[in-house]
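Some notes on the structure that comes next.
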Amino acid sequence: MSFKRSFDLDVLEAVSSIPYGKLATYGQIADLIGAYGCARQVGWSLRRLPLPSRVPWYRVVNARGMISTSESREGTDWIQKELLIVEGIPVDNKWRVPLQKYLWREGTFSK
DNA sequence: AGAATGACGCTGA
DNA sequence: TTCAGCGCCATTC
């Protein structure tokens, strides 16, 4: 099974670490699991993620602070938008979110 | 093994 | 600030 891949597990673990009401980018997650430059692979792991999931995958957006819409998602992008709004994060009509305002700071101390 | 794909990122125009 | 192009790297055919 694909889930046996440690990479997927690391991604899910990192994503699960995102606090409520915060956002993270694919590149940030990749870097967090020690796979800098593998932002696309993070997207793959989330893409194959089954919907009834306890993982807050919807808190992950691209570096542009925009929800990555795609044909392959069959509307999951819309679900992501709804979930973000529920957490208090406004989503623009162009699928953009105030990333710099809600960006998750791993260190938290604004370093 | 080689080529194509993709829920990305960064630089330049 | 928005748009287009090139680079990364694991997965899939």
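Protein chains get the first letters and strands the later ones, always in sequence-line order, with residue 1 at the start of each. Worth knowing before you read on, the calculation uses all heavy atoms, side chains too, and leaves out hydrogens, waters and symmetry mates.
- Looking at residues two or more places apart in sequence or on another chain, you find a side chain to side chain donor-acceptor pair (under 3.5 Å) between Gln80(A) and Arg73(A).
- Residues from residues 53-63 of chain A placing a heavy atom under 4.0 Å of any atom in DNA chain B, listed by number, are Trp57(A), Asn62(A), Ala63(A).
- When rounded to the nearest whole Å, the span between CG of Leu46(A) and P of dG6(B) equals 17 Å.
- Side-chain proximity of Gln80(A) to dA10(C), dA7(B), dG9(B): nearest is dA7(B).
- Counting non-hydrogen atoms of other residues, nucleotides and ligands closer than 6.0 Å to OH of Tyr36(A) gives a total of 12 or fewer.
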Distances under 3.5 Å only, N/O to N/O: pair up the protein atoms with those of nucleotides 2-7 of chain C.
residue	atom	partner	partner atom	Å
dT2(C)	OP1	Arg96(A)	NH1	2.7

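- Closest approach to the Tyr26(A) side chain among dA10(C), dA7(B), dT12(C) is made by dA7(B) (side chain taken as heavy atoms from C-beta onward).
- Within 6.0 Å of atom CD in Glu82(A), more than 12 heavy atoms from other residues, nucleotides or ligands are found, so the atom counts as buried in its surroundings.
- Contact annotation: Thr69(A) does not reach the phosphate of dA7(B) (side-chain N/O to OP1 or OP2, under 4.0 Å).
- Of the candidate nucleotides dA7(B), dC9(C), dC8(B), dC9(C) has the atom lying nearest to any side-chain atom of Cys38(A).
- Using a 3.5 Å distance cut-off with no hydrogens or angles, the side chains of Tyr58(A) and Glu87(A) do pair a donor with an acceptor.
- No side-chain donor-acceptor contact under 3.5 Å links Gln28(A) to the backbone of Leu103(A).
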